[in-house]
Amino acid sequence: MARVPGDLSTERYDQFALEEWVKRFWEDNDVYRKVKEKSSRSQRKMYFLDGPPYASAKSIHPGTAWNKVVKDVLLRYYRMSGFNVWDRPGYDTHGLPIEVKIEQKLGVKVKKEIQERIGIDRFIMECKRFVDENMEAMTRQFREIGVFMDWDNPYITYTDEYIESGWWLVKRAWERGLLYEGLRVLHWCPRCETTLADYEVSEYRELSDPSIYVKFPVKGREREYLLVWTTTPWTLPANAFVMAHPEMKYVRVRVGGDVLILAKARLEHVMREAGVTDYEVLEELEGRELEGLEYTHPLEDLVPAQRELSRFHRVVMAPEAVTPYEGTGLVHAAPGHGTVDAEVAEKLGAPLVSLVDDRGFMTEGAGKYRGMYFRREANEAIVRDLEERGAVFHKGVIVHRYPVCWRCKTPLLLRATRQWFIAVTKLKDELVREADKIEWRPGWAKERFMNMLRELRDWVISRQRFWGIPLPVWVCRSCGYKHVVGSVKELEEMGGRRPENLHRPWIDEVRLRCPKCGGVMERVPDVLDVWFDSGVAFYASLGYPMNRELWERLKPVDFIVEGHDQIRGWFFSLLRSGVIGFGEAPYRRVLVHGFMLDEQGREMHKSLGNYVEFEELISKVPRDVVRLWLLQNTVWEDLRFSWKGLDLMKRDFTVMWNVFAFASLYMSLDRFDPEETRLEDVREHMEVEDRWLLSRLQALVEGYRRAMEDLRPHEAARALRDFIVEDVSRWYVRLVRRRVWVEEDTPSKRAVYATLYTALKTWTLLAAPFIPFTAEYFWQKLFRKAEKEAPESVHLAEMPEPDEKWRDERLERDMEAVRSIVEAALAARQKAGLKLRRPVRKVILALRRSDYVEAAERLKDLIARAVNAKEVEVGGPELLGGALEYRVEPDYSALGPRYKRDLPVVLELLKERPGEIARAIVERGVYKTVYKGVEVELTRDDVRISMEPPEWLSVEEFEGGLVAVDKRIGREELLEGIAREVVRRVQAMRKEAGYHVEDYVVVWLRGDPEVEESVKAMIDYVAREVRAVEVRVGEEPPSDADVAREWEVDGEKLVIGLKRAEGPAFKR
RNA sequence: GGGCCCGUAGCUCAGCCCGGUAGAGCGCCCGGCUGAUAACCGGGUGGUCGGGGGUUCAAAUCCCCCCGGGCCCA
């Protein structure tokens, strides 16, 4: 019993239904598990590490879908290529954004409420539940779009095992002497009561602040002042010194009875702002001359902290802090409240004094201002006091962009706080060396990464929050000894008990015994930065170090794939953790993908209202269409979302479906059994187009594999699309149509089937990673039906290898030439109004390129078929030379300037010998002669050449030369053409009557004598084409005909009637 | 302010690494096909390759400067 492919043409194409069917098929047959099992039997490991998406919402961003789809296509490719693929997905679950969502839900306004009203335990459980719900929803969506990853077993950063793995790295850092505690000036949110990482400082508001010019009295000089400008009066109590630029010009200016010092570049502006017109420049001096100039702080006596700071009160050189574009060129430095200030202070040995507490209120050290909120009462009181003391030169208001907390919109402040650091700056050389070993796609990502490493700073790992990995540092209450715990086991060895959960607050209860003094140790309350979490994923997701075997076996990570925002994010944090923990880069290859932008090219964001919900997307566009659309985009470039683009992609799917439906229809009708008829069996019956398609197929396989190996999936996607749409549908199928329409079982037909079957099957395998649903459908409906041993799923099959014996590059090049020749011939036909249906006597190819001539000679028959000509004549330009009459018109703008007063001679020449000149230019590009003593050289640019082909020729020019169609239709062609017109109309009526492709009919036909004569002359042809058992020429259709219609052919009336009939086929 | 990326037809984008006659799809106009058909095919239309300068016989492509957009920093 022959096994034959199923027939897709019997069903209506519905991509949505197809995908539902496949989804069910996968579920019912446990396909993912089987794929995984097969993969795990391989010895060649492929460790892929999923960058964990942040589980803070239920609906995934279309960009997140893109991210996973890119990963999926590579994973599927590697699995089909025989690798043992590690594909555990992950979720990033800790951190402030999630805490804030829970705060909102619980109505928390200030952090203290969490401890006092809600309880940390309940807060943590709420966070966990929130994350669990999000993860579930996200997983559903990833599965929905066909991502084959280990969804039953994701790594989750909040689990105890993961936390324990995280501790291990902190301990490593400590052991290597990299962990330290220190002060760092960071943005701080007084509502959330925590620091914000630099990247979190992303939102700004237009806020108004005081803009004051303050006079700092210069020591030892009567009524002489440094003029400083500030918009943050609350930082003045913490002033330590004043910064100036050594290379800027400064001036001493007399204003009233005072002398002020400020930058020359700012003088005019400041005076105008202060409304001072009467001033006198006393002296001009270089910034460096100010160095060391001492001053007195105007509020010194009110602020106790000044006692410690006053010894630094002088001008210091700090070009990085001074600009000529704002202020006075003298910058007040409060090292505890400014980033640059702190850096300069460090060099001077000045302390980072911060006078604001966690909640934004001035501290004890601020003396008089203690208890005042920084941007309100403190500002007002300080300005008032300065005014009373005559220390304000001018007071105004400024509206400027001021950073606010991206969660609660509270204005931020800069503040020195105690934090835990990892001294990665000490590892810089190692980091650079290791980064250099990584393979980057595209190459510029490496450059960007290296640039970033140059600006490396120590890593602040601590956060003063709750939902995170607890910092595993315990401090002895008695002796102050600090110890870092690297595991739960160590916790127990030091006298602690494993808490029910490693999060706060349970971990906070764990007390240890001090190894130094035997005293009680308590944990510092901080948690870790969330970048820490994902950064350790490369080993923590494998359970290292509790389970060492897995990491030892899989390391290093073979590839990772994320967006270009992660160059500074995850790619960096992974490398950092790898170097801290293991002294090497934890991953080998990186593929960077772009950003999903909206239709206008702006960032797509919920708050901008230009956001496309994943659910909406998937409900409107089939999954594979979305996937292929995402994947054809140059992977590292940004992608503009586009409904229209998706719609176009849908059209390609229709073409693809039609190709498969076409193939399956005839294969199943003719009971083609691919196991019985193999390619080798029909080799000698193949036509050039068969050999050509097979060669193209090898090229496809080769190019596809190269692209995939090199992490350029978009090139593979485009190649797949081009092959099926351009090569198979638009060319091959067109050429072989007539070969499959024949009734009998011919070897030629079988050659087509074997060729098409191989091409489509191979294509399906290659396409499987990209459009897993559709490929699976074809696999089940066509290939698995036809082949006994076919794997149960296309995703369990092997990637095809190119087979050189079917490669024929010359043929591919020939066909390339032939396609453009045919195109030109069709254009020539069209110009002459000769429908393709009507055969023509002759097509003449006058080709100027020898490779085209050779190609056309070799593929002459194919050209004849494609352009429907009885004869094709091939030759060089001379072939048409004699037949064409040229007209030549001068281009005065080109000739004029060149020949000037000789122009009339040239014009005369053109009139005299137009044909000769034109032919020379067309054929050789140039015409040279000496005419009446003038040396003339003419090219195409000098003249406009038009061709006057004779009446009976239609000529078309293309890059390869000229193609001419002989318009003279002989009796034979005329009859054949009319017969084909009749056939076409009968076909339309068959369709109208709803007949099946295989049904037979009786045809009645009555009309113009010439039409009737045509049909009679071509009776075998007509009958075969329309599957007639009988053709009654000259008879009106009977009243019981299934359909009857009147047509017009070449302006003459024609009546046709049809009635379904039993076979057999027409015999004369 | 800095680093990197992008800027090509009305629209979406290939081509740029490795210089050699500007391409595709969509749109629009015209035509064809009708046994893959609520499809499909062909032709036409349309471009200062963001702008300027340089290297070169030759630049969309290599180099420099500028402009606009994106990402990441400051």
Side-chain angles (χ1 to χ4, degrees), chain A residues 8-9 12-13 198-199 201-202 320 323 325 339-340 442-455 457 563-569 571-572 592 594-597 599-603 629 632-634 636-649 651-652 654-666 669 714-715 718 721-722 725-726 728-731 733-734 737-738 740-741 822-831 833-838 867 925 940 956 958-959 980 983-992 995-999 1024-1027:
Chain A
L8 292 179
S9 74
R12 216 189 92 230
Y13 175 46
D198 291 339
Y199 64 86
V201 183
S202 52
E320 66 271 36
T323 97
Y325 307 112
T339 322
V340 182
W444 53 256
K446 179 173 184 173
E447 192 184 345
R448 198 149 138 182
F449 195 80
M450 290 300 190
N451 284 337
M452 185 206 61
L453 282 182
R454 249 179 258 135
E455 299 159 22
R457 299 181 66 189
H564 47 63
D565 55 330
Q566 298 302 334
I567 291 175
R568 186 172 279 266
F571 301 150
F572 175 53
V592 178
F595 253 59
M596 174 83 74
L597 307 175
E599 311 224 37
Q600 274 71 251
R602 293 168 315 190
E603 190 189 356
W629 176 73
Q632 53 77 41
N633 184 70
T634 304
W636 42 79
E637 281 179 14
D638 292 348
L639 171 57
R640 283 194 186 198
F641 184 85
S642 161
W643 290 110
K644 203 172 138 195
L646 285 161
D647 217 50
L648 289 173
M649 183 52 76
R651 294 219 210 169
D652 285 342
T654 321
V655 174
M656 179 180 84
W657 172 270
N658 284 337
V659 167
F660 279 81
F662 169 84
S664 69
L665 165 65
Y666 289 103
L669 275 181
H714 51 284
E715 289 183 16
R718 290 174 195 155
R721 185 241 166 231
D722 286 350
V725 175
E726 303 292 340
V728 181
S729 176
R730 292 192 184 152
W731 193 238
V733 168
R734 196 161 105 196
R737 250 192 190 136
R738 307 207 70 81
V740 303
W741 284 350
V822 168
E823 230 171 71
L826 293 176
R829 285 188 74 115
Q830 179 144 330
K831 256 201 255 176
L834 293 164
K835 295 176 177 181
L836 186 57
R837 210 167 23 226
R838 319 289 286 244
V867 305
R940 190 169 286 259
E956 178 74 13
F958 75 120
E959 86 275 8
R980 287 184 71 167
V983 166
R984 199 213 110 204
R985 286 164 176 77
V986 176
Q987 303 292 26
M989 290 174 71
R990 283 183 60 111
K991 184 150 197 82
E992 190 184 326
Y995 296 161
H996 187 254
V997 181
E998 287 193 289
D999 289 340
R1024 189 177 69 235
E1025 291 289 305
V1026 305
R1027 295 180 71 83

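Residue numbers begin at 1 in each chain, while the letters A, B, ... track the order of the sequences.
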Is a donor from one side chain sitting under 3.5 angstrom from an acceptor on the other, for A/Arg448 and A/Asn451?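 Side-chain D/A pair, A/Arg448 to A/Asn451: absent.
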Name the closest nucleotide to the [X] side chain, picking from [options].
X        : options                : result
A/Val659 : B/rA36, B/rA14, B/rC4  : B/rA36
A/Glu637 : B/rC6, B/rC71, B/rG43  : B/rC6
A/Leu648 : B/rG25, B/rA36, B/rC33 : B/rG25
A/Trp444 : B/rU34, B/rC5, B/rG42  : B/rC5
A/Ala827 : B/rC73, B/rG43, B/rU34 : B/rG43
A/Thr634 : B/rU34, B/rA14, B/rC4  : B/rA14

Indicate whether OP1 or OP2 belonging to [N] is found under 4.0 Å from a side-chain N or O atom of [X].
X        : N      : result
A/Arg448 : B/rG3  : no
A/Thr654 : B/rA36 : no
A/Asn658 : B/rU37 : yes
A/Tyr666 : B/rA36 : yes
A/Arg737 : B/rA36 : yes

Span that lies between the [atom1] atom of [M] and that of [N], in whole angstrom:
N      : M      : atom1 : result
B/rC71 : B/rU8  : C1'   : 22 Å
B/rG51 : B/rG32 : C1'   : 44 Å
B/rA9  : B/rA60 : C1'   : 14 Å
B/rG7  : B/rU61 : C1'   : 15 Å
B/rC16 : B/rC62 : C1'   : 10 Å
B/rC5  : B/rG27 : C1'   : 29 Å
B/rA24 : B/rG44 : P     : 10 Å
B/rA22 : B/rC13 : C1'   : 14 Å

Would you indicate what [X] reaches in the nucleic acid, counting non-hydrogen atoms under 4.0 angstrom: base, sugar-phosphate, or nothing?
X        : result
A/Arg829 : nothing
A/Thr339 : nothing
A/Ile567 : nothing

5'-most contact on RNA chain B (nearest-nucleotide basis), A/Ser642 vs A/Val733, goes to A/Ser642
Residue whose closest nucleotide on RNA chain B lies nearer the 5' end, A/Arg990 versus A/Arg640: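 It is A/Arg640 whose nearest nucleotide is closer to the 5' end.
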Please give the nucleotide sitting opposite [N] as a Watson-Crick or G-U wobble pair, both distances under 3.5 Å, or none.
N      : result
B/rU21 : none
B/rU37 : none
B/rC16 : none
B/rU45 : B/rG27
B/rG1  : B/rC73

Output the rounded distance in Å from [atom1] ([X]) to [atom2] ([N]).
X        : N      : atom1 : atom2 : answer
A/Asp638 : B/rC5  : CG    : C1'   : 8 Å
A/Met656 : B/rA39 : CE    : P     : 16 Å
A/Arg651 : B/rU12 : CZ    : C1'   : 14 Å
A/Leu639 : B/rC11 : CG    : P     : 18 Å
A/Arg718 : B/rG25 : CZ    : C1'   : 12 Å
A/Glu447 : B/rG2  : CD    : C1'   : 13 Å
A/His564 : B/rG70 : NE2   : P     : 12 Å
A/Phe572 : B/rC4  : CZ    : C1'   : 17 Å

Any sub-3.5 Å donor-acceptor pair from A/Asp565's side-chain atoms to A/Gly569's backbone N or O? no
Does the side chain of [X] reach to within under 4.5 Å of the side chain of [Y], using non-hydrogen atoms?
X         : Y        : value
A/Val822  : A/Trp731 : yes
A/Val1026 : A/Gln987 : yes
A/Met649  : A/Gln632 : yes
A/Trp629  : A/Leu648 : no

Fit a plane to each ring of A/Phe572 and A/Phe449, take the angle between them on a 0 to 90° scale, and name the class: parallel (under 30°), tilted (30 to 60°) or perpendicular (over 60°). perpendicular
For residues A/Leu8 and A/Trp657, report the shortest heavy-atom separation together with the two atoms involved. O-CZ2, 3.7 Å
